[in-house]
Amino acid sequence: MSALAFFSSPLGWLRVEAGAQGLRLVRFAGVPSDEERGAGWRFVEEFFDFAEAYFAGSQNPYPGRLDLSAASSRQRRLWLQTMQIPYGRTLSYAALGKLLDMHPRSVGAGMRAAPLLLVIPAQRVIYADGGIGGFAGREGAKAWLLQFEKRNLRV
DNA sequence: CGCTCGCACATGG
DNA sequence: CCATGTGCGAGCG
C-alpha cells in the first residue's frame with residue numbers, strides 16, 4: 001500500500017499521493033477519505049511542509065523527491081521545464097514550447113495532464129496575450145494562485 | 001487599429 | 001480517432 005493524505009488549502013482539499021519512489025499526485029479533491037500511511041509516507045509529509053510554507057508565502061521551489069515514472073518522456077521534459085519558471089513569474093504556452101521545440105497546443109495538453117498541483121507550477125503558464133489560460137476547469141484557482149504569488153513578490 | 005474567425009499543429013486520453 | 005489549458009495571420013469595420 002502506498003501513501004495517501006488530504007491537505008486542507010485555501011483553495012479546498014488537495015489529494016496527495018506518494019509511493020516508495022516519491023511524490024506521485026497532488027490534485028483537487030472533493031471530500032477527503034481516510035489517509036493511508038503506506039510506502040512513501042515521508043514524501044507526503046514533505047509535501048505538507050511545502051504546501052504549508054507555500055500558502056504562508058514561501059517562494060521556494062519544491063525540494064522533495066518526485067515519482068514521474070507514469071509520465072511520457074515528453075511530459076517529463078515539459079514538467080521539469082515548467083518547474084524552472086521562477087515564483088510569481090509567467091511564461092506563455094508558446095514561449096515554454098519554444099524552449100522544448102513543442103507546439104503550443106501540445107504544451108497545453110501537457111499542462112492539463114500535469115499531476116502535481118503547486119509542485120509543477122502550471123498556473124504560471126498563460127496565454128501569449130496575457131490571458132489566464134485554462135486550468136483543468138478551475139481557472140478561478142489559477143487566477144487566485146497567480147494573484148497570491150504576485151502579492152507575495154511585493155512583500 | 002482592435003476584434004473575430006479559421007486553421008495548422010502535436011499530444012494525450 | 002478527436003478534443004484541446006494555443007498562436008497567428010487574414011479579413012473587416
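Proteins get letters first, then strands, A, B, ... in listed order; numbering begins at 1 in each. Note that the coordinates shown come from a computational prediction; the quantities given were computed from them, not determined experimentally.
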Side-chain heavy-atom pair Arg27(A), Leu117(A) within 4.5 angstrom cut-off
no
By the Watson-Crick or G-U definition, both distances under 3.5 Å, dT6(C) is matched with dA8(B)
Heavy-atom donor-acceptor pair, Arg76(A) side chain to Leu68(A) backbone, under 3.5 Å:
yes
Over 12 non-hydrogen atoms of neighbours within 6.0 angstrom of CG in Asp129(A)
yes
What donor-acceptor contacts under 3.5 angstrom involve side-chain atoms of residues 98-116 of chain A, with partners at least two apart or in another chain?
none

Tyr54(A) ring center near Phe148(A) ring center (under 6.0 Å)
yes
Would you say dG12(B) has OP1 or OP2 under 4.0 Å from some side-chain N or O of Ser72(A)?
yes
Upstream residue (5' side of DNA chain B) when Gln75(A) and His103(A) are each assigned their closest nucleotide:
His103(A)
What is the distance, rounded to the nearest whole Å, between atom CG of Leu96(A) and atom P of dG7(C)?
10 Å
Atom pair distance, as rounded to whole Å: CH2 in Trp79(A) and C1' in dT11(B):
12 Å
Output a table of nitrogen or oxygen pairs between the protein and nucleotides 3-5 of chain C separated by less than 3.5 Å.
residue : atom : partner   : partner atom : Å
dG5(C)  : OP1  : Arg112(A) : NE           : 2.3
dG5(C)  : OP1  : Arg112(A) : NH1          : 3.2
dG5(C)  : O4'  : Gly134(A) : N            : 3.2
dG5(C)  : N7   : Ala136(A) : N            : 3.0
dG5(C)  : O6   : Met111(A) : O            : 3.1
dG5(C)  : N2   : Ala122(A) : O            : 3.1
dG5(C)  : N3   : Tyr93(A)  : OH           : 3.0
dG5(C)  : N3   : Gly134(A) : O            : 3.3

Show, in sequence, the C-alpha distance, side-chain angles and deciding distance for Leu118(A) and Tyr62(A), and conclude whether the side-chain contact (heavy atoms from CB on, under 4.5 Å) test is met.
CA-CA 8 Å; Leu118(A) 305 183; Tyr62(A) 189 70; over 6 Å; no
Quick one: does any side-chain atom of Arg15(A) pair with a main-chain N or O of Ala29(A) as donor and acceptor, under 3.5 Å?
no
Report the relative orientation of the aromatic rings in Phe28(A) and Phe135(A); use parallel for angles under 30°, tilted for 30 to 60°, perpendicular for over 60°.
perpendicular
Heavy-atom protein contacts under 4.0 Å, nucleotides 8-13 of chain C, coded B base, S sugar-phosphate only, - none:
------
